[in-house]
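Below is one structure; the comments refer to it alone.
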2 protein chains.
Amino acid sequence: MSADPSPTLEDVARVAGVSRATVSRVINRTRNVAPEIQEVVRRAVEATGYVPNRAARSLVTRRSEAVGVVVAGTDLSDSLNAGQFLTDPFFGRLLTGIIGALKPRGIFPALMLAENAADDLAITAYFKQGNADGALLISTYPDERLPAMLADVGRPSVRFARPASPGPVSYVDLAHREGGRMAAAHLASIGRRRPVAITGPLEIPAAQERQAGYEEGWARHGCPFVPVCEGGFTYDSGERAMKELLDRVPDLDAVFAASDLMAQGAIHALGDHGRRVPEDVAVVGFDDSAPARLSRPGITTIRQPLEEMAAEMVRLLLDRLDDPSPEPTSVIFDPVLVLRESA
Amino acid sequence: MSADPSPTLEDVARVAGVSRATVSRVINRTRNVAPEIQEVVRRAVEATGYVPNRAARSLVTRRSEAVGVVVAGTDLSDSLNAGQFLTDPFFGRLLTGIIGALKPRGIFPALMLAENAADDLAITAYFKQGNADGALLISTYPDERLPAMLADVGRPSVRFARPASPGPVSYVDLAHREGGRMAAAHLASIGRRRPVAITGPLEIPAAQERQAGYEEGWARHGCPFVPVCEGGFTYDSGERAMKELLDRVPDLDAVFAASDLMAQGAIHALGDHGRRVPEDVAVVGFDDSAPARLSRPGITTIRQPLEEMAAEMVRLLLDRLDDPSPEPTSVIFDPVLVLRESA
DNA sequence: AGTTCGTGGGAGAGCGCTCTCCCATACCGA
DNA sequence: TCGGTATGGGAGAGCGCTCTCCCACGAACT
């Protein structure tokens, strides 16, 4: 059954009674070939079980028909952090979108973690060797090194999330500010008046934007000052921040946490202090990841359409690979308020 | 900066004043080369910024130095299911372990989803084209097609979880039966006497084993009959199963759920029925995934050392790639009881 | 009839490596 | 002195493709 010496183009050509070039043309639909000959070739391919050898093709086309997904975890470079990121449903949704969008092209993405400078080097070398044509960069941190390094070796990349400083890189992002505004508007609309905020790490543009939008929203509803505590997007940081805010603002009645995980931590901290959610305190999260849906009470949250955003990243990258025009593009998606029990 | 015509072996050889063969030998440490010449070559590599072209190398070695991670979702072939699997922390932990174990070899795994027969074909073709040398197969379902198909095209694979029928494939698994026994022993040790069980899908060997061990454990503690309800590993199925069991066995005081997600669903269902956890009902989960740690109450659970198991899968595969001896191996890991609040 | 196309096929070079030969040199024991 | 044997280097074939030429042929024009 297993024909160890895999059939080559030459073999197919012999069986079909044509030249190698003709077979190649049929397979790649690269030039007109008489229909009857196409048929003969196709039958020969079938009969031999031929499958083109990617290495040989890549060698001459200088294309690998592969893309890499680079997860740039963190500048903090504790090795746990990036590892944990992979278990974050946020990442899973993104990955689902990427794989789905790549599948029609027969591309399976290579997954890499960039945790430190050595990794950046290894990853750049990987691309330079011709293992992949382009990169999808997933980083919540404003990491700037990789896109430039990859551009140096002629590999375009598309980022998830706007880079901190504008560079020659396409990206896909959410209207975070609008999301923050929506959270404030909703909390105000259900009669809350003493809001607080648990932000993400403020060196991240997205975290800044969400917070800015939230404050803007409250200002519009007559509340010019919002007590705030910075978190790190994680469950524990949300719990800790909530405790601190309860100390500082005992009569708070609304909290906006910049991630669902932090919202979950906050809700548990509120419970520990005898506050009921949503009766005493309303909580709004961000992302609409699994914890928002599965925890009790369900978390009212600002949904990021991550699957769609991922598909858009793929589209941008493939477009750029098909036509390496020099214009970086960006696409911004709208957040959606998802109502559950917590607010 | 970007030397578009990437330097080739030829270029390095010219700079170093040696032949192509010698440069190749130095780079691949494939034969003795005089130390001073090694030094000269190394300097030339440095100077030119040379990086070997993987396609050219693969063409002659017939090795890609790449591996694929195949996530075989389900035979149920609802497209959502596999997508959701990626957001499951279970998968994230496995992936973390795989990537970590592959990194020292400079390999970045290609990720693929097998949701139906067409996918199986596409994936097999991908391997046959020489895109990857071997596969890491992650499937909780006892899918048998892919390992055989891959073996047919000369690609070894290592499975996560024992296949339903023994085949020519290596695998890594957990002592599920022992895990079930541990759950029963713990519940008995804290004085529970009316146990029930929420199993995983019983066509999955792992689910059967966990259940068998659980019943065995209770039999040993004087409880020969355990009411049971089958779930699907998901949150919703756990919630539903718990409701059903509460109807059938109103005075139950202990439940073993075969996944943490189901345990979480069960705990919420118990709460809805006015039962306190763990005072009225003790709950033990399985996996030790994020929900077990983050939900309230924290879920006492049977931990699978997924990262270590993943690393072992990688080791088995790489060994087999380095030396394709025909003996499939299997490695079984021990579960660990992790105590939290729920039992 | 001769010229000019357009169309569809083949020949063959060459992508950048690895690896098998082969050869030059140095060192050894007889 | 000579054959034998490591040791380390170079020459060159060839992995399986793509793609540029080139050519044969028929149709359409002058």
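Naming convention: chains lettered A, B, ... in sequence-line order (proteins, then strands); numbering from 1 in each chain.
With sequence neighbours left out, Arg42(B) forms a side chain to side chain donor-acceptor pair (under 3.5 Å) with Gln38(B). With sequence neighbours excluded, no residue forms a side chain to side chain donor-acceptor pair (under 3.5 Å) with Asn53(A).
Side-chain contact between Leu111(A) and Leu95(A) is present, with heavy atoms from C-beta onward closer than 4.5 Å. Contact annotation: the side chain of Asp119(B) approaches that of Lys103(A) to within less than 4.5 Å [non-hydrogen atoms, C-beta and beyond]. Here the side chains of Asp120(B) and Met149(B) are in contact, with some heavy-atom distance below 4.5 Å. Side-chain contact between Val15(B) and Val45(B): absent, with no pair of heavy atoms (C-beta onward) separated by less than 4.5 Å. Leu321(A) has its side chain within reach of Arg63(A): a pair of non-hydrogen atoms, C-beta onward, lies under 4.5 Å apart. Considering only heavy atoms from C-beta on, Val153(B) comes within 4.5 Å of Thr124(B) through its side chain. Counting only heavy atoms from C-beta outward, the side chains of Pro109(B) and Val67(B) approach each other to under 4.5 Å.
Contacts between residues 10-27 of chain B and DNA chain D, defined by a heavy-atom separation below 4.0 Å, involve Val18(B), Ser19(B), Arg20(B), Ala21(B), Thr22(B), Arg25(B), listed by number. Shown for residues 31-43 of chain B: residues whose heavy atoms fall under 4.0 angstrom of DNA chain D, namely Arg31(B), Asn32(B), Val33(B), Ala34(B), Ile37(B). Of the residues in residues 48-62 of chain A, those lying under 4.0 Å from DNA chain C by heavy-atom distance are Leu59(A), Val60(A), Arg62(A).
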Strictly under 3.5 Å: I want the nitrogen or oxygen pairs between protein and nucleotides 4-6 of chain D, one per line.
none

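Between Leu9(A) atom CG and dG14(C) atom P the separation is 20 Å, expressed in whole Å. Put simply, CZ on Arg63(A) is 14 Å from P on dT18(D), counting in whole angstrom units.
Taking each heavy atom of Ala16(A) and Ala44(A) in turn, the nearest pair found is CB-CB, 3.7 Å.
A donor and an acceptor atom, one from each side chain of Ser24(A) and Asn28(A), are located under 3.5 Å apart. Counted by atom type alone, Asp133(A) and Ser64(A) present one or more donor-acceptor pairs between their side chains at under 3.5 Å.
Taking the centre of each ring, Phe160(B) and Tyr171(B) stay at or above the 6.0 Å mark.
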